[in-house]
2 protein chains.
Amino acid sequence: MDLQTVILGFLNDEPLTGYELSKRMDASVGFYWHATHPQIYTTLKSLAKEGLVDFAMEYQSGAPNKKIYTITGAGREILLRNLQNETLKDEIKIPLLVTMFFGSELGLQHWQELFSSYLNVQKTVLNQYQSMCKSPPKIDPKKDLKEFLRYKTLDFGIGYQKFLIRWLENMLKEIGE
Amino acid sequence: MDLQTVILGFLNDEPLTGYELSKRMDASVGFYWHATHPQIYTTLKSLAKEGLVDFAMEYQSGAPNKKIYTITGAGREILLRNLQNETLKDEIKIPLLVTMFFGSELGLQHWQELFSSYLNVQKTVLNQYQSMCKSPPKIDPKKDLKEFLRYKTLDFGIGYQKFLIRWLENMLKEIGE
DNA sequence: AATACATATATAACTTATTACATATATTTC
DNA sequence: GAAATATATGTAATAAGTTATATATGTATT
């Protein structure tokens, strides 16, 4: 999995500008695959060079011009091939755990503060996820696989946050505070 | 959090060669912060240049020579500073979720196979984690914060794997197979 | 004797990602 | 009226990470 494939995936749904792509990512896939805007703009440029996407200029008087990107036939082929051959090797970097592994010298009080501020952040994230989907819909995977799979990525996020929050609360109980 | 800090963290415990460092990482921190060996060797080189680590050659007749790295006083200072100022921004890349978001065209059967092979991998990982710690020890964080925090990183891994496995089993139930 | 695997180190070429810089307008808030 | 924020696009410099290649030995297996 790489950013090229992620961008092709979004453009396979609808034409988008770099800016919109960036916002879309932040609001969905971004939680388990993040990219900054310079990365997105440079990747779009190289995708265009490879003929996997195309773009149309939308000239705006007053406001800055837009480049609206669309996926090409070749792009769709590459997208499907990449999704099929995906090796599913996770890359998970959780600095809290690394800090825990090496940071016992920071002392108990530091850890109480760190865990409880991290807990607050994670509760906010959970609320964000839950507000994206108030009532869990009953989607039949046989009827609408796309909606089903997309809902399930959110369901994963909610489940993960709940696990994290439980784990942190238990941690705080054990170290006091 | 960066690789420099991770390496300094290990060397703060004991002197190690690049190779040993690589093995240590694979067996512990590697699960939530992975690095390849070329990365480790180049980072050690730059740490030495900055005076944060030092090394002694161990000449071996027959076997290849070793470079045994130790942390310096400056290195210990930087380590503690980095751990204190850690911003705890997670970077999580889970290609399965990205593939789910864009890969509905792959069809139900593909998904059944993918989820069940991913499930097997995750069960193996859980077994690995559990074999590292057969009986959950009762560690008093007030008495041995280091051992407590290190155990808790493993506890996190076990909890995460259990969540993942439950989620995957539920998924397979919902899509059949 | 040959193969495979573990130990041990390292560079080169390449790809990816981050941070800082740079510009420009519209709308909202104080 | 000023300041902040959102929209909108990009480049440059740097840092980080991957894959392939290179060398060399010990031990265990077949």
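No experiment lies behind these values; they were computed from the predicted model shown. Numbers restart at 1 for each chain; the letters A, B, ... are given by sequence-line order, proteins then strands.
A/Glu58 has its CD atom 9 Å from the P atom of D/dA8, to the nearest Å. Rounding to whole angstrom units, CD1 of residue A/Ile68 and P of D/dT7 are separated by 16 Å. With rounding to whole Å, A/Gln39 atom CD is found 11 Å from C/dT19 atom P. Between the NZ atom of A/Lys66 and the P atom of D/dA8 there is a distance of 5 Å, given to the nearest Å. Separating the CG atom of B/Leu44 from the C1' atom of C/dA8 is a distance of 13 Å, rounded to the nearest angstrom. Taking atom CG on B/Asp2 and atom P on C/dA17, their separation rounds to 17 Å, with Å as the unit. Rounded to an integer number of Å, the gap from NZ of A/Lys45 to P of D/dA12 is 8 Å.
No close placement of the B/Tyr32 and B/Tyr160 rings is indicated, their centers lying 6.0 Å or farther apart. Centroid-to-centroid, the aromatic rings of A/Phe102 and B/Phe10 come within less than 6.0 Å.
Ion pairing between B/Lys152 and B/Glu147 fails under the 4.0 Å rule for side-chain N and carboxylate O. Contact check on A/Lys142 versus B/Glu174 returns no salt bridge, with no Lys/Arg side-chain nitrogen under 4.0 Å from an Asp/Glu carboxylate oxygen. Ion pair A/Asp13/A/Lys146 flagged as a salt bridge, since at least one NZ, NE, NH1 or NH2 atom sits closer than 4.0 Å to an Asp/Glu carboxylate oxygen.
On a pure distance criterion of 3.5 Å, a polar donor-acceptor pair joins the side chain of B/His37 and the base of C/dA10.
For A/Tyr41, whose side chain is taken as the heavy atoms from C-beta onward, the closest listed nucleotide among C/dA10, D/dA8, D/dG17 is D/dA8. When each of D/dG17, D/dT9, D/dT18 is scored by its nearest atom to the side-chain atoms of A/Lys93, the top-ranked nucleotide is D/dG17.
Judged by distance alone, with hydrogens and angles left aside, the side-chain atoms of A/Asn170 form no donor-acceptor pair with the main-chain N or O of A/Arg166 at under 3.5 Å.
Using a 30° and 60° split on the angle between ring planes, B/Phe55 and B/Tyr69 fall in the tilted class, from 30° to 60°.
Between B/Thr36 and A/Tyr69, the residue anchored nearer the 5' end of DNA chain D, judged by the nucleotide with its closest heavy atom, is A/Tyr69.
Near DNA chain C, meaning a heavy atom under 4.0 Å from it, residues 6-25 of chain A has no residue at all.
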